[in-house]
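Everything on this sheet refers to the single structure shown next.
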Amino acid sequence: MKGRVPQAILDAILKEAAALAKVSREQLVIVRAQSVIWSDGSLGCPEPGMMYTQALVNGYWVIVEAAGKNYDFRVGSGGSFRLCPPGQGQPPSQPAAN
């Protein structure tokens, strides 16, 4: 189904969020899980000193709440994800067409 985060990616993100928050997976709340288009290879979360491809990147944006804290995960077109530090992320250039 277009627009939804594939279950395998979501499962991996939830496992990571549970480990980071030191809570069980049942205590996690998915705040956002959507298909988006990132404006470049940084996935809206550039790291200082890094160079990124300057092309649009299809991916996903997943935010998980655990123990009162939000974890902002960015997913690229290959399915790999990374956690964006609080306050460092920028929103996607646009939501993907559903």
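Scanning all heavy atoms of the two residues, the minimum distance from A67 to V23 falls at CB-CG1, 4.2 Å. When all heavy atoms of W38 and Q90 are compared, the pair lying nearest together is CZ3-O, 3.8 Å. The two residues L10 and A33 come nearest to each other via the heavy atoms CD1-CB, 4.5 Å. Between V75 and L43, the shortest heavy-atom contact is C-CD1, 3.9 Å.
The salt bridge (Lys or Arg N to Asp or Glu O under 4.0 Å) test applied to E16 returns no partner, not counting sequence neighbours.
Counting only N and O atoms by type, the side chains of R32 and Q34 include a donor and acceptor under 3.5 Å apart.
Of the possible donor and acceptor atoms, one in the side chain of R82 sits under 3.5 Å from a partner among the backbone N and O of C45.
To the nearest 0.5 Å, atoms SG (C84) and CD (E47) are separated by 9.0 Å. Between the CD1 atom in I30 and the CD1 atom in I63 there is a gap of 11.5 Å [rounded to 0.5 Å]. Here the straight-line distance linking atom CG of L20 with atom CG of L28 works out to 10.0 Å at 0.5 Å rounding. To the nearest 0.5 Å, atom CD1 of residue I13 and atom CG of residue L83 are 10.0 Å apart. In this structure, the separation between CD on Q88 and CG on D72 is 10.0 Å, given to the nearest 0.5 Å.
N70 has its side chain within reach of V31: a pair of non-hydrogen atoms, C-beta onward, lies under 4.5 Å apart. No side-chain heavy atom of I37 sits under 4.5 Å from any side-chain heavy atom of P92. The shortest distance between side-chain heavy atoms of Y60 and V36 does not fall below 4.5 Å.
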Please evaluate residues K69 and V64 with respect to the criterion side chain to side chain contact (heavy atoms under 4.5 Å, CB included), reporting the C-alpha separation (whole Å), side-chain torsions for both, the decisive distance (0.1 Å), and the verdict. CA-CA 8 Å; K69 183 176 176 186; V64 178; over 6 Å; no

Test side chain to side chain contact (heavy atoms under 4.5 Å, CB included) on R74 and F81 and set out the steps. CA-CA 5 Å; R74 310 298 177 102; F81 62 87; over 6 Å; no

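Residues F73 and Y52 do not share a hydrophobic cluster, defined by chaining ILVMFWY side chains whose heavy atoms lie under 4.5 Å apart.
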